[in-house]
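Here is the structure we will look at, set down as structure tokens.
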Amino acid sequence: MNQLRIGFVCLLLLTMALAGCGASATPTVVPAPTATVTPGGNMTSGEAKVDSIEIRMLESFPVQVQVEVKGYLQDDCTKLGEIAQKREGNTFTVTVGVTRNGDAVCAQVITPFTQVVSLDAAGLKAGTYTVNVNGVSTQFTLNVDNVLK
């Protein structure tokens, strides 16, 4: 009977010791991606993490071209920011920005997002075009000039 009590006490002490080795519930602070401090405050900005993009060509003439962007925000303080696009030749470059309070302590919660961006496709000549969004690329083809006659 004594050996049973000693075994039980040892098991109890071992369980308590292992419970103390568990993970802490303290939130982790995650720095904003490629952050830069904006003038007049502690807000930072950078680019959103993009997983995939998909081209949508709407049935209209001239054709309307959209890019559906799927990605994620790295913590619960990061918000979608400015979206900018430019075209050089047959390449569209879209930048999906993020903003974040640089002084905030934030929980590391990955939040997915989907954003649809209309490309400025009016007046494009027939051909193949590349779309690059924050480093993720795909292509679309216009079979005819996208111009009203």
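Small disclaimer: the values here were computed from a predicted structure and weren't measured.
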Sequence neighbours left out, what passes side-chain hydrogen bond (donor to acceptor under 3.5 Å, both in side chains) with Asn101? Give chain and number order.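 For Asn101, the residues satisfying side-chain hydrogen bond (donor to acceptor under 3.5 Å, both in side chains) (neighbours in sequence not counted) are Asn42.
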
Find out if a path of hydrophobic residues (ILVMFWY) with successive side-chain heavy-atom gaps under 4.5 Å connects Val116 to Ile53.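 They do not share one cluster, since no chain of ILVMFWY contacts under 4.5 Å joins Val116 to Ile53.
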
Residue pairs, two or more places apart or on separate chains, that pass disulfide bond (SG atoms under 2.5 Å apart) and touch [range]:
{"range": "residues 113-149", "value": "none"}
{"range": "residues 114-149", "value": "none"}
{"range": "residues 69-102", "value": "Cys77-Cys106"}

Gln85 side chain vs Asp120 backbone, donor-acceptor pair below 3.5 Å: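 A pair under 3.5 Å: yes.
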
Who pairs with Phe113 by ring-ring contact (aromatic ring centres under 6.0 Å, His included), at least two apart in sequence or on another chain?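 Phe113 satisfies ring-ring contact (aromatic ring centres under 6.0 Å, His included) with no residue once adjacent residues are dropped.
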
Taking only residues two or more places apart in sequence, or in another chain, which ones meet Glu82 in a salt bridge (Lys or Arg N to Asp or Glu O under 4.0 Å)?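 Glu82: no salt bridge (Lys or Arg N to Asp or Glu O under 4.0 Å) contacts found.
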
Does Ile110 sit in a hydrophobic cluster with other residues, and if so which ones, taking ILVMFWY side chains as linked at heavy-atom separations under 4.5 Å, directly or through other members?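 Its cluster mates, by chain and number, are Tyr72.
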
Would you check if Asp75 and Arg100 make a side-chain contact, meaning some heavy-atom pair closer than 4.5 Å?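 Contact flag for Asp75/Arg100 side chains = yes.
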
Leu119 side chain reached by Val94 side chain, heavy atoms, under 4.5 Å: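 A side-chain contact exists here, since the closest heavy-atom pair is under 4.5 Å.
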
Taking only distance into account, with no hydrogens and no angle test, what donor-acceptor pairs under 3.5 Å do side-chain atoms of residues 56-66 form with protein atoms, sequence neighbours excluded?
{"residue": "Arg56", "atom": "NH2", "partner": "Glu68", "partner atom": "OE2", "Å": "2.4"}
{"residue": "Ser60", "atom": "OG", "partner": "Pro62", "partner atom": "O", "Å": "3.0"}

Sequence neighbours excluded and cut-off under 3.5 Å, please list the side-chain donor-acceptor pairs for residues 122-133, or say none.
{"residue": "Thr128", "atom": "OG1", "partner": "Thr141", "partner atom": "OG1", "Å": "3.2"}
{"residue": "Tyr129", "atom": "OH", "partner": "Lys125", "partner atom": "N", "Å": "3.3"}
{"residue": "Tyr129", "atom": "OH", "partner": "Lys125", "partner atom": "O", "Å": "2.6"}
{"residue": "Thr130", "atom": "OG1", "partner": "Gln139", "partner atom": "NE2", "Å": "3.2"}
{"residue": "Asn132", "atom": "OD1", "partner": "Gly135", "partner atom": "N", "Å": "3.0"}
{"residue": "Asn132", "atom": "ND2", "partner": "Ser137", "partner atom": "OG", "Å": "3.2"}

